[in-house]
Amino acid sequence: MTNLIETLIEESLQTLTQARKGVYRHYEFPQTENMIKVAIGMRRSGKTYFLYQTINKLLEQGIKREQILYINFEDERILPMDAKQMGVLLDSFYTLYPKNHQRKCYIFLDEVQNVTNWYLTVRRYFDSKNVELFLTGSSAKLLSKEINTSLRGRSLAIEILPYSFNEYLAAHGIKLSMDPFGRASFDIALNHLRQYINLGGFPAVQFLATKDWRETLQSYL
């Protein structure tokens with residue numbers, strides 16, 4: 001497992017660098033101490049990128065990269081997986097960096113619902129380690145009520161939605177003139193709003209041809 005965890009860490013660091021160039025998502029995990037943070041939302045709404053954004057903030061705050069672990073449980077190399085195997089995978093992170101036993105770590109588990117009985121390992125880590133746990137799950141399979149039941153009230157959840165209108169504008173590099181905001185500025189803003197309503201806010205479809213984005217959205221549905 002140690003070789004696999006090294007590979008996963010190396011790949012996630014490369015992706016983190018690329019994510020710094022993306023659109024800033026206007027979400028933050030709750031700041032409450034001693035709670036598991038959970039982001040839910042439908043597939044392709046941007047949950048993974050939001051995790052990358054959160055990790056980059058930690059790095060900017062001076063947290064060492066050796067204290068941070070990100071695992072995507074849609075990676076075919078680690079599936080299928082149950083709670084026991086998940087525990088072995090997480091334990092190998094501490095084997096790789098033994099100093100982590102004496103310092104706080106930050107563990108990000110993406111699409112955690114793909115692991116059978118995932119909550120058993122999450123609860124063990126929450127109870128026995130000096131760790132902040134961040135989870136994401138598809139809202140089709142992991143709802144807030146189910147999370148609270150599985151984690152016995154130890155979690156706080158937020159919902160990640162597709163791009164807002166402001167995020168859509170940022171993705172397309174559009175800056176609206178607001179001062180002064182006369183008829184011309186209003187008409188330009190209204191035109192962009194109509195395009196946003198037509199295209200939607202899913203990040204992956206923003207620059208696709210019409211035929212492709214329609215097919216992509218239908219596949220999401």
How close do [X] and [Y] get, heavy atom to heavy atom, and via which atoms?
{"X": "Glu66", "Y": "Tyr97", "answer": "CG-CE2, 3.3 Å"}
{"X": "Tyr94", "Y": "Cys105", "answer": "OH-CB, 3.7 Å"}
{"X": "Tyr125", "Y": "Gly87", "answer": "OH-O, 4.3 Å"}
{"X": "Ile160", "Y": "Ser45", "answer": "O-OG, 3.4 Å"}
{"X": "Leu58", "Y": "Phe108", "answer": "CD1-CZ, 3.8 Å"}
{"X": "Thr216", "Y": "Val205", "answer": "CG2-CG1, 3.6 Å"}

Between Phe181 and Phe186, how do the two ring planes meet: parallel, tilted or perpendicular, split at 30° and 60°? perpendicular
Check whether any side-chain heavy atom of [X] sits under 4.5 Å from a side-chain heavy atom of [Y], and report yes or no.
{"X": "Leu169", "Y": "Leu176", "answer": "yes"}
{"X": "Leu59", "Y": "Leu16", "answer": "yes"}
{"X": "Asn117", "Y": "Val115", "answer": "no"}
{"X": "Met86", "Y": "Trp118", "answer": "yes"}
{"X": "Met81", "Y": "Asn114", "answer": "no"}
{"X": "Ile107", "Y": "Glu132", "answer": "no"}
{"X": "Ile36", "Y": "Leu135", "answer": "yes"}
{"X": "Val112", "Y": "Ile71", "answer": "no"}

Evaluate the criterion side-chain contact (heavy atoms from CB on, under 4.5 Å) for residue pair Arg77 and Leu8; output intermediate values, then yes/no. CA-CA 10 Å; Arg77 291 170 296 182; Leu8 296 177; 3.7 Å; yes
Would [X] end up clustered with [Y] when hydrophobic side chains under 4.5 Å apart are linked, directly or stepwise?
{"X": "Ile174", "Y": "Phe207", "result": "no"}
{"X": "Leu208", "Y": "Tyr49", "result": "no"}
{"X": "Leu156", "Y": "Leu109", "result": "no"}
{"X": "Leu51", "Y": "Tyr24", "result": "no"}

Determine whether a donor-acceptor pair (N or O, by modelled atom type, separation under 3.5 Å) exists between the side chain of [X] and the backbone of [Y].
{"X": "Tyr27", "Y": "Leu161", "answer": "yes"}
{"X": "Glu111", "Y": "Asn72", "answer": "no"}
{"X": "Arg65", "Y": "Ile9", "answer": "no"}
{"X": "Gln67", "Y": "Lys64", "answer": "yes"}

What about Phe29 and Phe50, are their ring centers closer than 6.0 Å? yes
Aromatic ring centroids of Tyr168 and Tyr163 under 6.0 Å? no
Between [atom1] on residue [X] and [atom2] on residue [Y], distance to nearest 0.5 Å:
{"X": "Leu69", "Y": "Ile55", "atom1": "CG", "atom2": "CD1", "value": "8.5 Å"}
{"X": "Arg214", "Y": "Asp212", "atom1": "CZ", "atom2": "CG", "value": "11.5 Å"}
{"X": "Ile63", "Y": "Asn56", "atom1": "CD1", "atom2": "CG", "value": "13.0 Å"}
{"X": "Glu74", "Y": "Thr48", "atom1": "CD", "atom2": "OG1", "value": "7.0 Å"}
{"X": "Tyr70", "Y": "Asp110", "atom1": "OH", "atom2": "CG", "value": "3.5 Å"}
{"X": "His192", "Y": "Ile197", "atom1": "NE2", "atom2": "CD1", "value": "13.5 Å"}

Evaluate salt bridge (charged side-chain N to carboxylate O under 4.0 Å, His left out) for Glu159 paired with Lys47, printing each intermediate quantity in order. CA-CA 9 Å; Glu159 184 177 8; Lys47 299 187 301 296; over 6 Å; no
Verdict with reasoning, Glu60 to Arg20, per salt bridge (charged side-chain N to carboxylate O under 4.0 Å, His left out): CA-CA 11 Å; Glu60 290 168 3; Arg20 294 190 183 104; 5.2 Å; no
[X] [atom1]: over 12 foreign heavy atoms closer than 6.0 Å:
{"X": "Arg44", "atom1": "CZ", "answer": "no"}
{"X": "Lys104", "atom1": "NZ", "answer": "yes"}
{"X": "Lys99", "atom1": "NZ", "answer": "no"}

May I ask you to check whether [X] and [Y] show a side-chain donor-acceptor distance below 3.5 Å?
{"X": "Tyr196", "Y": "Asn166", "value": "no"}
{"X": "Glu167", "Y": "His26", "value": "no"}
{"X": "Asn100", "Y": "Arg103", "value": "yes"}

Derivation and outcome, side-chain contact (heavy atoms from CB on, under 4.5 Å), residues Ser155 and Met35: CA-CA 5 Å; Ser155 66; Met35 294 293 278; 5.6 Å; no
Salt bridge (charged side-chain N to carboxylate O under 4.0 Å, His left out), that's the test. Do Asp187 and Arg183 meet it? Break it down for me. CA-CA 6 Å; Asp187 288 341; Arg183 185 69 200 188; 3.3 Å; yes
Salt bridge check: are Lys37 and Glu28 linked by an N-O gap of less than 4.0 Å? no
State whether Lys84 and Asp82 are salt-bridged, where the test is any N-O pair (Lys NZ or Arg NE/NH1/NH2 against Asp/Glu carboxylate O) under 4.0 Å. no
Evaluate the criterion salt bridge (charged side-chain N to carboxylate O under 4.0 Å, His left out) for residue pair Lys129 and Asp91; output intermediate values, then yes/no. CA-CA 11 Å; Lys129 299 285 188 182; Asp91 289 344; 5.2 Å; no
Using side-chain contact (heavy atoms from CB on, under 4.5 Å), reason through Leu120 and Arg124 one step at a time and then give a plain yes or no. CA-CA 6 Å; Leu120 297 175; Arg124 174 172 70 85; over 6 Å; no
Audit row: Ile40, Thr136, side-chain contact (heavy atoms from CB on, under 4.5 Å) steps and yes/no: CA-CA 6 Å; Ile40 61 172; Thr136 78; over 6 Å; no
